[in-house]
Amino acid sequence: MAQPKYTTHHGMVDILPDEIRKWHFLEDLIRTEAEKFNFEEIRTPIMEQTELIVRGLGQMTDIVSKEIFSFSRGEDNYVLRPELTAPVVRAYVENRLDQRGGSQKLYYIGPMFRAERPQKGRQRQFHQFGLEIMGSSDAIADAEVIAFMIHIYRKIGIKNTTLKLNSIGDPESREKYKAALKAHLKPNFEKLSEVSQKRFENNPLRILDSKEEEDRPFIETAPLLTNYLSETSVNHYTKVKEYLGDLGIPFVEDPYLVRGMDYYTETAFELISPDLGAQDALAGGGRYDLLVEEIGGMPTPAVGFAAGMERLFIACEEMGIHLGSEKKVDVYIVTLGDAARKWGLLQLSALREKGISATMDYMGRSMKAQMKDANRENARFAIIVGENELKEGKFTFRDMVKSEEMLLSFKEILNVLF
RNA sequence: GAGCUCGUAGCUCAGUAGGUUAGAGCGCCAGGUUGUGGCCCUGGAGGCCGGGGGUUCAAGUCCCCUCGGGCUCCCCA
């Protein structure tokens, strides 16, 4: 096929009418379930100040160092948001949401942008939903965040998942651990993979995450972060695990789980699925107790997660789950002749006024073509109107499912439709 | 940034050792039914065989370049 003149940018996809129903279904589900958990939606701009993202996620992270779309205009630096935790925290601080009292429970749905090489489950514009609880350091908050996340996947029927859990502690214990880890790796520095060598100074924790074969022996013998956690961190982590157990949410502890953003503290978790291929993370999140202060707000503990919507759809496909209903319309008005077309146009509004969805042919096609169209559009009923019907004031009212017809006045049709 | 792989109708794909006007199924349009959908039958529209160059009497088919898609590494949703 010849390549069209204009196409979407690499890694950016159109969501077409045939697939929009599953999006609506998922969005509706997220909204109704989030409200059951008493979360409120927040919408922030697609673009933020570059500095917010750099400071928030960390200069050295992969996302900031090579995956953000940014540009400047005059004095201002813009960035297409690569995630929403930092922007939500910004909004929380900027709008003094803490003054609403209590902890703030926020959820969001929307597009994110990362300049990566697209592949299965990875696009440059993709969609996430997620939630954040601001103002609570209690493990109950961690448990609720995870519970909501799991709840959504259970509700949809995606069962083949694993919840990975870890605690990365507070900054002090992490510093102590980093020192110990570096001491352990240093004698074999030359044998480490190239990426790991690069991370040795600026981000040694991520070496634990390495999938490079040559790193494995050193990772396996490395000290565990778990053993360097402060008493407070251990207590918090223990509580989280206890609550998850009580809630009947199975999890696997993964002491090597380290997440990509610098703002994480304490609890870190990831929901993975073997159905996704190489990009196996359905959702991920954790606690970020220092981010609010980092961005200029009062010290405020917080925890949240983000989930990839496209990846959720991939998991559904693999499991044969169909989201959303078929497209349909209540009434299709089939018209013959100009007078009938005008009559149809007027009755469309009358039907819609009553809350009935209705449509008609706009192309002046034959009756057969209109019936075919009504069928394709999944019309429940067809109203057929020509010269005779107009004269008599009685219209052919066809039940498209039962294939039965009656001759009724428009008023009688309205009665049947209720 | 690196590697692998694939580009033939709207979609899924056939195209035999290079050989005349490039095919099928689905979808679309029309007719069979002068006012009736889904099933069936018939017909039609729709392809610079991704683009450019080369080899050859002859290229969808072979070679080179290029563009685009998909997958993988890294990392993440």
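Quick note on labels: first sequence line is chain A, next is B, and so on, each numbered from 1. Computation of the quantities below employed the complete heavy-atom set of this structure, encompassing side-chain atoms and omitting hydrogens, waters and symmetry-equivalent molecules.
Of the residues in residues 311-326 of chain A, those with a non-hydrogen atom less than 4.0 angstrom from any atom of RNA chain B are A/R311. Using a 4.0 Å cut-off on heavy atoms, none of the residues of residues 14-44 of chain A approach RNA chain B.
At whole-Å resolution of the value, CG in A/D361 and C1' in B/A30 are 15 Å apart. Put simply, CZ on A/R117 is 15 Å from P on B/U5, counting in whole angstrom units. Distance, A/D373 CG to B/G35 P: 18 Å, rounded to whole Å. Rounded to whole Å, atom C1' of B/A77 lies 12 Å from atom CG of A/L84. Going from atom CE of A/M363 over to atom P of B/C29 covers 7 Å, rounded to whole Å. With rounding to whole Å, A/K328 atom NZ is found 18 Å from B/G38 atom C1'. A/M309 places its CE atom 11 Å from the C1' atom of B/A77, with the value rounded to the nearest Å. Whole-Å rounding puts the A/M367 CE to B/A30 C1' distance at 17 Å.
Side-chain proximity of A/A369 to B/G37, B/A30, B/U72: nearest is B/A30. You'll find that the side chain of A/K120 is closest to B/U72, out of B/A30, B/U36, B/U72. Distance from the side chain of A/F126 is smallest for B/A77 among the nucleotides B/C73, B/U36, B/A77. Candidate nucleotides B/U36, B/A77, B/G31 were compared by shortest atom distance to the side chain of A/R259, and B/A77 ranks first. You'll find that the side chain of A/M371 is closest to B/U36, out of B/U36, B/C73, B/C29.
Contact between A/A91 and A/T44 at its shortest, heavy atoms only, is CB-CG2, 4.1 Å. Taking both residues in full, the closest heavy atoms of A/L247 and A/A147 are given as CD1-CB, 4.2 Å, listed atom of the first, atom of the second, then distance. Between A/M134 and A/V292, the shortest heavy-atom contact is CE-CG2, 3.8 Å. Across every non-hydrogen atom of A/A283 and A/F305, the tightest pair is CB-CD1, 4.3 Å.
Within the 4.0 angstrom heavy-atom criterion, no nucleotide atom of any strand lies near A/M149. Residue contacts shown for A/E83 are absent, as no nucleic acid heavy atom lies under 4.0 Å away. Within 4.0 Å of A/A283, counting heavy atoms only, lie sugar-phosphate atoms of the nucleic acid but no base atom. Residue A/G130 is out of contact with every strand shown, counting any heavy-atom pair closer than 4.0 Å. Contacts of A/E310 with the nucleic acid, taken as non-hydrogen atoms under 4.0 Å apart, are absent. A/N388 comes within 4.0 angstrom of a nucleotide base, judged by non-hydrogen atoms across all strands. Note on A/H10: only backbone sugar-phosphate atoms sit closer than 4.0 angstrom, heavy atoms only; bases stay farther off. Here A/E389 lies in heavy-atom contact (under 4.0 Å) with a base. Across all strands, A/Q370 comes closer than 4.0 Å to no nucleic acid atom at all (heavy-atom distances).
Between A/R365 and B/C29 there is a side-chain N or O to OP1 or OP2 distance below 4.0 Å. Phosphate proximity of B/C71 to A/Q119: absent, as no side-chain N or O sits under 4.0 Å from OP1 or OP2.
Distance check on atom P: B/C71 versus B/A30 gives 38 Å, rounded to whole Å. As rounded to the nearest Å, B/U8 and B/A14 have C1' atoms that lie 10 Å from one another. Taking atom P in both B/G7 and B/C49, the straight-line distance is 15 Å, to the nearest Å. For B/G32 and B/G69, the P atoms lie 46 Å apart once the distance is rounded to whole Å. Rounded to a whole angstrom, the distance from the C1' atom of B/U20 to that of B/U33 is 42 Å. Comparing B/G10 with B/G46, their P atoms sit 11 Å apart, to the nearest whole Å. On the C1' atoms, B/G1 is 37 Å away from B/A9, given to the nearest whole Å. Separation of the P atoms belonging to B/G3 and B/U66 is 12 Å when rounded to the nearest angstrom.
Residue side chain A/S403 reaches the base of B/G38 through a donor-acceptor N/O pair under 3.5 Å, judged by distance alone. The base of B/A77 lies outside donor-acceptor range of the side chain of A/E270, with no N or O pair under 3.5 Å. Below the 3.5 angstrom threshold, one finds a donor paired with an acceptor across the side chain of A/R122 and the base of B/C75. At a cut-off of 3.5 angstrom, counting only N and O atoms as typed in the model, there is a donor on one side and an acceptor on the other between the side-chain of A/E405 and the base of B/U36.
Between A/N378 and A/E326, the side chains place a donor N or O and an acceptor N or O closer than 3.5 Å (distance only, hydrogens not considered). A/H236 and A/S167 share no donor-acceptor pair across their side chains, judged by distance under 3.5 Å alone. For the residue pair A/Y228/A/E172, the side-chain donor-acceptor check at 3.5 Å is not satisfied.
Seen from the ring of A/Y153, A/K155 does not count as a face-on cation partner, given the 6.0 Å and 45° thresholds.
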### Message
Evaluate A/E144 against A/Y243 for side-chain hydrogen bond (donor to acceptor under 3.5 Å, both in side chains), listing each step before the verdict.
### Response
CA-CA 9 Å; A/E144 278 273 90; A/Y243 294 149; over 6 Å; no
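Checked for salt-bridge contact, A/R55 and A/E294 meet the test: a charged N lies under 4.0 Å from a carboxylate O. A salt bridge is absent between A/E40 and A/K105: the closest approach of a Lys/Arg side-chain nitrogen to an acidic carboxylate oxygen does not fall below 4.0 angstrom.
Listed by first and then second residue, the salt bridge (Lys or Arg N to Asp or Glu O under 4.0 Å) pairs that reach into residues 398-407 of chain A are A/R380-A/D399, A/R398-A/E405, sequence neighbours excluded. Listed by first and then second residue, the ring pair (Phe, Tyr, Trp, His ring centres under 6.0 Å) pairs that reach into residues 22-44 of chain A are A/W23-A/H127, A/W23-A/F313, A/F37-A/F148, A/F37-A/H151, sequence neighbours excluded.
Ring geometry for A/W343 versus A/F410: interplanar angle over 60°, hence perpendicular rather than tilted (30 to 60°).
Nucleotides of RNA chain B nearest to A/K368 and A/R398 differ in position, and the one nearer the 5' end is that of A/K368. Toward the 5′ end of RNA chain B lies the nearest nucleotide of A/R376, the other residue of the pair A/G260 and A/R376 mapping further downstream.
For A/R43, the salt bridge (Lys or Arg N to Asp or Glu O under 4.0 Å) partners two or more places apart in sequence, or in a different chain, are A/E41.
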### Query
Tell me, what's RNA chain B's dot-bracket, Watson-Crick or G-U with both distances under 3.5 Å, | for other-strand, [ ] crossing?
(((((((..((((.....[...)))).(((((.......))))).....(((((..]....))))))))))))....
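Across A/D138, A/D289, A/D142, a single residue satisfies side chain to side chain contact (heavy atoms under 4.5 Å, CB included) together with A/V303, and that is A/D142.
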